[in-house]
Amino acid sequence: MLIPVLTSLVMPLALARDDAWRDLHERVRAGELVGLSSVLDWLDAHYRGEVVEVELEYEDDEPIYEVEMLGAEGQLVEFEFDARSGELMAIEGVDVEAMKR
């Protein structure tokens with residue numbers, strides 16, 4: 001009896017996530033947001049490291065891409081980009097200079 005209950009709880013969450021991704025793709029296609037590939041290309045051109053997490057967050061109703069990178073020396077650095085313009089807004093972390101290209 002427990003399994004059907006869990007399934008009914010999980011499926012709506014999965015559908016909600018799917019709808020969120022569809023909405024994101026539509027907003028990129030409509031030109032409201034820059035594509036994530038542009039942000040990742042910029043990061044690759046300017047910083048060395050491995051992307052470990054990407055999130056689309058909202059701060060004061062403004063969409064922000066948060067990208068976490070792991071540097072060669074083990075430093076974890078978070079980059080915040082304006083999701084509408086693709087402009088770098090902030091960098092948080094230790095020894096970011098060592099990651100610059």
Side-chain angles (χ1 to χ4, degrees):
M1 299 246 175
L2 186 58
I3 293 174
V5 172
L6 289 175
T7 303
S8 66
L9 291 174
V10 172
M11 288 188 66
L13 291 175
L15 291 174
R17 282 190 215 119
D18 190 42
D19 288 342
W21 278 106
R22 283 188 204 149
D23 180 56
L24 177 60
H25 287 291
E26 286 302 316
R27 293 181 70 191
V28 169
R29 267 184 249 170
E32 294 176 37
L33 303 176
V34 298
L36 184 57
S37 61
S38 297
V39 169
L40 296 177
D41 288 346
W42 186 92
L43 271 174
D44 186 49
H46 293 89
Y47 291 89
R48 291 182 193 90
E50 182 178 336
V51 173
V52 293
E53 184 176 11
V54 177
E55 293 180 326
L56 177 63
E57 297 286 332
Y58 288 86
E59 293 180 12
D60 299 323
D61 292 327
E62 294 299 321
I64 296 175
Y65 286 124
E66 293 180 353
V67 182
E68 287 187 4
M69 288 183 76
L70 184 63
E73 298 172 9
Q75 66 271 49
L76 187 62
V77 177
E78 181 179 276
F79 298 85
E80 292 186 0
F81 293 87
D82 181 319
R84 294 183 198 275
S85 68
E87 179 181 333
L88 178 64
M89 298 171 46
I91 302 173
E92 297 176 11
V94 178
D95 204 14
V96 178
E97 291 297 315
M99 294 173 62
K100 281 191 174 181
R101 290 193 185 270

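Everything numeric in this text was worked out from a predicted model, so none of it was measured. Computation of the quantities below employed the complete heavy-atom set of this structure, encompassing side-chain atoms and omitting hydrogens, waters and symmetry-equivalent molecules. The first residue in the sequence is number 1, and the count goes up from there.
A pairwise comparison of heavy atoms in D61 and R84 identifies O-NH2, 4.0 Å as the closest pair. The shortest non-hydrogen separation linking E73 to A98 is OE2-CB, 3.9 Å. Listed here is the closest heavy atom pair of L33 and P63: CD2-CG, 3.6 Å.
At most 12 non-hydrogen atoms from other residues, nucleotides or ligands lie less than 6.0 angstrom from CD of E50.
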Stepwise, does the side chain to side chain contact (heavy atoms under 4.5 Å, CB included) test hold for V77 with Y47? CA-CA 11 Å; V77 177; Y47 291 89; over 6 Å; no
Before you tell me yes or no, could you show the steps for E78 and M69 under side chain to side chain contact (heavy atoms under 4.5 Å, CB included), namely the whole-Å CA-CA distance, both residues' side-chain angles and the distance that decides it to 0.1 Å? CA-CA 6 Å; E78 181 179 276; M69 288 183 76; over 6 Å; no
Walk me through it: do L76 and V52 pass the test side chain to side chain contact (heavy atoms under 4.5 Å, CB included)? CA-CA 9 Å; L76 187 62; V52 293; 3.9 Å; yes
Might you work through the ring-ring contact (aromatic ring centres under 6.0 Å, His included) test for Y65 and F79, ending with a clear yes or no? CA-CA 8 Å; Y65 286 124; F79 298 85; over 10 Å; no
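No donor-acceptor distance shorter than 3.5 angstrom exists from the side chain of D60 to the backbone of E62, with no hydrogens or angles considered. No side-chain donor-acceptor contact under 3.5 Å links R27 to the backbone of V34. Distance alone, capped at 3.5 Å, places no donor-acceptor pair between the Q75 side chain and the V94 backbone. Looking only at distances, a side-chain donor or acceptor of R48 sits under 3.5 Å from a matching main-chain atom of K100.
The stretch residues 81-101 participates, sequence neighbours left out, in these ring pair (Phe, Tyr, Trp, His ring centres under 6.0 Å) pairs: W42-F81.
Put simply, the side chain of V67 reaches to within 4.5 Å of the side chain of V51, judged on heavy atoms.
Cluster membership for I64 and I91, using ILVMFWY side-chain heavy atoms within less than 4.5 angstrom, is not shared. By the rule that hydrophobic residues join a cluster once side-chain heavy atoms approach within less than 4.5 Å of another member, L40 and L70 end up as members of separate clusters.
If you take CD on E55 and CD on E66, they are separated by 5.5 Å, rounding to the nearest 0.5 Å. Distance CZ/R29 to NE2/H25: 7.5 Å, rounded to 0.5 Å. We find the CG-CG distance between L24 and L56 to be 6.0 Å, quoted to the nearest 0.5 Å. Rounded to the nearest 0.5 Å, atoms NE2 (H46) and CE (M99) are 13.5 Å apart.
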